Amino acid sequence: MLNTVNLQGRLAADPELHTTPSGVEVVSFRIGVTRDYNRDQTDWINIVAWRKTAEFICKYFSKGSMILLQGSIQSRSYKDKNGNNRTAHEVVADRV
């Protein structure tokens, strides 16, 4: 099976580095990707990066920066604050 995504877009906001309780660095952010066939439409994609990749992104990228990344699509389920089941889809960036 193959689960590889290549995206190029601009950051929607400055990335902020966070550390998990176990001490692992993580960053979550969104990028705007303009469609090739319709320049008036932009898709906003959620991205997450871990460890050294997260540190690199926070050091060299800011709101509006163009970024090219490679990663994989991940889906996860969770309960929101009202107890409703939700599903999140995001790209886990491996290379930037």
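All values derive from a computational prediction rather than experimental measurement.
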Q: Do you see a donor-acceptor pair shorter than 3.5 Å between the side chains of N85 and K79?
A: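 Yes, side-chain donor-acceptor contact under 3.5 Å.
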
Q: Would you confirm whether D14, through its side chain, and S62, through its main-chain N or O, come within 3.5 Å as a donor-acceptor pair?
A: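 No: the side chain of D14 does not pair with the backbone of S62.
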
Q: Does K52 pair with E25 as a salt bridge, N-O distance under 4.0 Å?
A: no

Q: Is it true that atom CZ of R95 has more than 12 heavy atoms of other residues, nucleotides or ligands lying nearer than 6.0 Å?
A: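 Not buried by this count: 12 neighbours or fewer within 6.0 Å.
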
Q: Are any side-chain N or O atoms of D80 and backbone N or O atoms of N82, one a donor and one an acceptor, separated by less than 3.5 Å?
A: yes

Q: Please report the closest heavy-atom contact between A93 and T53, naming both atoms and the distance.
A: O-CG2, 4.0 Å

Q: Looking only at atom types and distance, does a side-chain atom of N46 sit under 3.5 Å from a main-chain N or O of R30, one as donor and one as acceptor?
A: no

Q: Does L17 belong to the same Ile/Leu/Val/Met/Phe/Trp/Tyr cluster as V26, with side-chain heavy atoms less than 4.5 Å apart forming each link?
A: no

Q: Same hydrophobic cluster for V5 and L11, using side-chain heavy-atom links shorter than 4.5 Å among ILVMFWY?
A: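 Yes, V5 and L11 fall within the same hydrophobic cluster.
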
Q: Hey, what do you get for CD (Q8) to CE (M66), rounding to the nearest 0.5 Å?
A: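 Going from CD on Q8 over to CE on M66, the span is 5.0 Å.
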
Q: Using the rule that two of Ile, Leu, Val, Met, Phe, Trp, Tyr join whenever any of their side-chain heavy atoms come within less than 4.5 Å, decide whether V91 and V48 are in one cluster.
A: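 No, V91 and V48 fall in different hydrophobic clusters.
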
Q: Are side-chain N/O atoms of D94 and Q70 paired as donor and acceptor at under 3.5 Å?
A: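 Result is no, nothing qualifies.
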
Q: Look only at the side chain of T19 and the backbone of G23, and say whether a donor-acceptor pair between them is shorter than 3.5 Å.
A: no

Q: Within this structure, what is the OH-CD1 distance for the pair Y60 and I67, rounded to the nearest 0.5 Å?
A: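 Y60 atom OH to I67 atom CD1 measures 13.5 Å (nearest 0.5 Å).
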
Q: Where do T42 and T34 come nearest, in terms of heavy atoms and distance?
A: OG1-OG1, 3.8 Å

Q: Would you compute the distance between atom OG of S75 and atom CD of E90 and round it to the nearest 0.5 angstrom?
A: 8.5 Å

Q: Do you know which two heavy atoms are closest between A49 and A54, and how far apart they sit?
A: O-CB, 3.4 Å

Q: Under a single-linkage definition using a 4.5 Å side-chain heavy-atom cutoff for Ile, Leu, Val, Met, Phe, Trp and Tyr, are W50 and I57 assigned to the same hydrophobic cluster?
A: no

Q: Do W44 and I31 touch side chain to side chain, with heavy atoms closer than 4.5 Å?
A: no

Q: Please answer: with hydrophobic residues joined when any side-chain heavy atoms are less than 4.5 Å apart, are I47 and V92 in the same cluster?
A: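 I47 does not cluster with V92.
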
Q: Would you name the heavy atoms of E16 and V27 that are closest together and state the gap between them?
A: O-CG2, 3.5 Å

Q: Do R10 and K63 pass the side-chain contact (heavy atoms from CB on, under 4.5 Å) test, and can you show the C-alpha distance, the side-chain angles, and the key distance before you say yes or no?
A: CA-CA 7 Å; R10 295 194 180 274; K63 180 180 179 178; over 6 Å; no

Q: Could you walk me through whether F61 and F29 pass the side-chain contact (heavy atoms from CB on, under 4.5 Å) check?
A: CA-CA 11 Å; F61 295 91; F29 58 98; over 6 Å; no

Q: Counting only heavy atoms not in L68 (residues, nucleotides, ligands), do more than 12 fall under 6.0 Å from its CG?
A: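 More than 12 heavy atoms, drawn from other residues, nucleotides or ligands, come within 6.0 Å of this atom.
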
Q: Which is it for N6 and L69 under the side-chain contact (heavy atoms from CB on, under 4.5 Å) test, yes or no, and what are the steps along the way?
A: CA-CA 6 Å; N6 294 299; L69 60 88; over 6 Å; no

